[in-house]
**Q** 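Below is one structure. I have some questions about it.
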Number of protein chains: 2
Amino acid sequence: MASQKPRLTRELVLSAALELVDDEGLDALTMRRLGQVLERDPMSLYRYAENRAALLDGVSELVLNELAIFPSDPDWKAQLRRIAHDLRLLALRHPNVIPLLVTRPLSTPLGMRPLGTVRPLEQILALLIDAGFAPTDALHVYRAYYGFLYGHILNELQEYIVDPEENEALLRLGLHRLPAKDFPRLRALAPVLADYDGEAELDQGITILLSGLEAHLYRGVPATP
Amino acid sequence: MASQKPRLTRELVLSAALELVDDEGLDALTMRRLGQVLERDPMSLYRYAENRAALLDGVSELVLNELAIFPSDPDWKAQLRRIAHDLRLLALRHPNVIPLLVTRPLSTPLGMRPLGTVRPLEQILALLIDAGFAPTDALHVYRAYYGFLYGHILNELQEYIVDPEENEALLRLGLHRLPAKDFPRLRALAPVLADYDGEAELDQGITILLSGLEAHLYRGVPATP
DNA sequence: CGCGTAAAGTCTACATCGTAGAGCAAGTGT
DNA sequence: ACACTTGCTCTACGATGTAGACTTTACGCG
């Protein structure tokens, strides 16, 4: 017969949860469904997460842990750029998790968030401070940077259609529903919308932002050598 | 006795829904609860919204309608700046709705969104194109702009604590929970985090972004006279 | 006026959800 | 061999979204 059930662990539970979310969306992640995937009674899950909410937090944490940050890199601009691209890829890998990443912190004060979700903040602060920024400026840079980054990801995911074949078709079909009178420019842009290069767009945006930050902020921070 | 129940309308239902969300959060918006507020059977709501999801969309739409955009203003930079501040205030007025605004489009292709939520896009495109941008560039500008804007709002709302008195206390209390070894910079920044001026931060960000865009994009677009 | 039809609102019922609380089963230290 | 802890299961409860049949109200037209 099938595999003898191995002992459950938090990691096991969370990664099963993540898989479920990746495959079938956030709503599919119910206690009962997850229990079923793990061949356990739903109630057993409460050993490894207090709530469903805590479970969601755990999934966020798990995903964010996929993001590598090297706070000791002296080339802060390159590092920020790389992180941005990494996070973008992460988002494309786990699009269904993004709502969690974006939404849960809104109802959780900084100090009570899962540590894994606060760590990137600390590490980027470290990166910037080590690169010569005053702590306060580092915070400002972080805010502008992360704000822009999350904004871009949300933007891109909004326009992202899963099936790359029907991509254009779906888009046009969608746009076709808009009243021509009220949405002329949008409809006219349909072809452009259809081939959206998120990577390039992000990269340009980061460039603009970084050079802008550099210009407007305190001097004395080394540019890329 | 009390008011004779007036006939229900979509507007009535939606604004009651919005009020409920504003007052008690998204989770409080259940069919039953809303029915109770309107002194109607929960089932009657289905005349005015197909689903709970559709109801949520309606609320998004209602909120976004509070945002005024004047696409004919020739001073696009000033207009974008003003819209940014307006949207920020809107977000602070309806913080509980923001998760909706940000999350629902992720699961709804452009063409199937409530018209009210697509209109800002159209109008900003109009604004930019009328100001002299090529349509494609207008789209790029829009993306960078709206991305940054939403990013900022999410950022600010994350750090926003409802009770302005306990503000600092709560923040410190929260940060106090973080292990000192792992989060030294973040903890050191507690005082700075406590007095966050979202308006200023947004304004600077917009400045950086707009001048950056202007510099990197096709010339021939008039700067503010 | 009245009556037939459509619209608005209600009632009942069901599947599904999160989770409390009591209990069972296997391992562990003494 | 025995008490305890730890992992897991069972049963049960209240709440939710919503389908489908029903009743009530409003209204146009003879």
Side-chain angles (χ1 to χ4, degrees), chain A residues 1-21 23-61 96-97 99-100 103-104 107-108 112 114, chain B residues 1-21 23-61 96-97 99-100 103-104 107-108 112 114:
Chain A
M1 46 205 73
S3 61
Q4 282 314 2
K5 318 179 186 180
R7 272 274 239 62
L8 236 42
T9 53
R10 180 149 216 267
E11 288 67 35
L12 253 166
V13 171
L14 288 184
S15 59
L18 175 56
E19 199 173 347
L20 200 49
V21 172
D23 292 351
E24 312 188 27
L26 266 183
D27 292 342
L29 179 52
T30 74
M31 301 311 252
R32 291 170 148 92
R33 190 96 167 60
L34 183 55
Q36 178 176 324
V37 165
L38 294 167
E39 298 181 283
R40 292 292 146 70
D41 186 283
M43 278 297 126
S44 64
L45 303 176
Y46 288 88
R47 294 261 154 209
Y48 307 96
E50 281 212 342
N51 287 342
R52 192 181 114 97
L55 212 157
L56 295 180
D57 279 340
V59 172
S60 296
E61 209 175 356
N96 295 333
V97 183
L100 281 189
T103 270
R104 299 247 355 126
S107 40
T108 324
M112 320 212 160
Chain B
M1 41 199 75
S3 62
Q4 282 313 4
K5 318 179 184 179
R7 273 276 238 62
L8 235 42
T9 52
R10 179 148 217 268
E11 288 68 34
L12 252 166
V13 171
L14 288 184
S15 59
L18 175 56
E19 199 174 345
L20 200 49
V21 172
D23 292 351
E24 313 188 24
L26 265 183
D27 291 343
L29 179 52
T30 74
M31 300 311 247
R32 291 169 150 93
R33 191 94 168 61
L34 183 54
Q36 178 176 323
V37 165
L38 295 166
E39 300 180 281
R40 290 291 147 66
D41 187 283
M43 278 298 128
S44 65
L45 303 175
Y46 287 87
R47 296 262 157 208
Y48 306 97
E50 281 213 341
N51 286 342
R52 193 181 113 98
L55 211 154
L56 295 180
D57 279 340
V59 172
S60 297
E61 210 174 356
N96 295 334
V97 183
L100 282 190
T103 271
R104 301 253 347 133
S107 40
T108 324
M112 319 211 160

**Q** Can you sort out the partners of Ser15(B) under side chain to side chain contact (heavy atoms under 4.5 Å, CB included), two or more places apart, ordered by chain and number?
**A** Leu62(B)
**Q** Taking only heavy atoms on the protein side, list every residue of residues 10-20 of chain A lying under 4.0 Å from any atom of DNA chain C, sorted numerically.
**A** none
**Q** Quick one, give me the B/S/- string for nucleotides 8-13 of chain D, reading 5' to 3', where B means a protein heavy atom under 4.0 Å from the base and S means that only happens at the primed atoms, P, OP1 or OP2.
**A** BBB-B-
**Q** Output every pair passing salt bridge (Lys or Arg N to Asp or Glu O under 4.0 Å) with a member in residues 23-35 of chain B, not counting sequence neighbours, ordered by first then second residue.
**A** Glu24(B)-Arg33(B)
**Q** Of the non-hydrogen atoms in Leu14(A) and Val59(A), which two are nearest, and what is the gap between them?
**A** CD2-N, 4.2 Å
**Q** First contact, last contact: which nucleotides of DNA chain C are these for chain A, 5' to 3', heavy-atom distance under 4.0 Å?
**A** dC17(C) to dG21(C)
**Q** Calculate, to the nearest 0.5 Å, the distance between atoms OG1 and CD belonging to Thr30(A) and Gln36(A) respectively.
**A** 8.0 Å
**Q** Among all residues two or more places apart in sequence or in another chain, which pass the side chain to side chain contact (heavy atoms under 4.5 Å, CB included) test with Thr9(B)?
**A** Glu11(B), Leu12(B)
**Q** Do Arg47(B) and Leu8(B) have side-chain heavy atoms sitting under 4.5 Å apart?
**A** no
**Q** Are the side chain of Tyr48(A) and the backbone of Val13(A) linked by a donor-acceptor contact shorter than 3.5 Å?
**A** no
**Q** In the structure I gave you, are the side-chain heavy atoms of Leu45(B) and Leu38(B) within less than 4.5 Å of one another anywhere?
**A** yes
**Q** Supply the atom-to-atom distance Leu34(B) CG to Leu20(B) CG, rounded to the nearest 0.5 angstrom.
**A** 6.5 Å
**Q** Show the atom names and distances, to 0.1 Å, of all donor-acceptor pairs under 3.5 Å that link a side chain in residues 51-58 of chain A to residues at least two apart or in another chain.
**A**
unit_1   : atom_1 : unit_2    : atom_2 : d
Arg52(A) : NH1    : Leu29(A)  : O      : 2.3
Asp57(A) : OD1    : Arg104(A) : NE     : 2.6
Asp57(A) : OD1    : Arg104(A) : NH2    : 3.4
Asp57(A) : OD2    : Arg104(A) : NH2    : 3.2

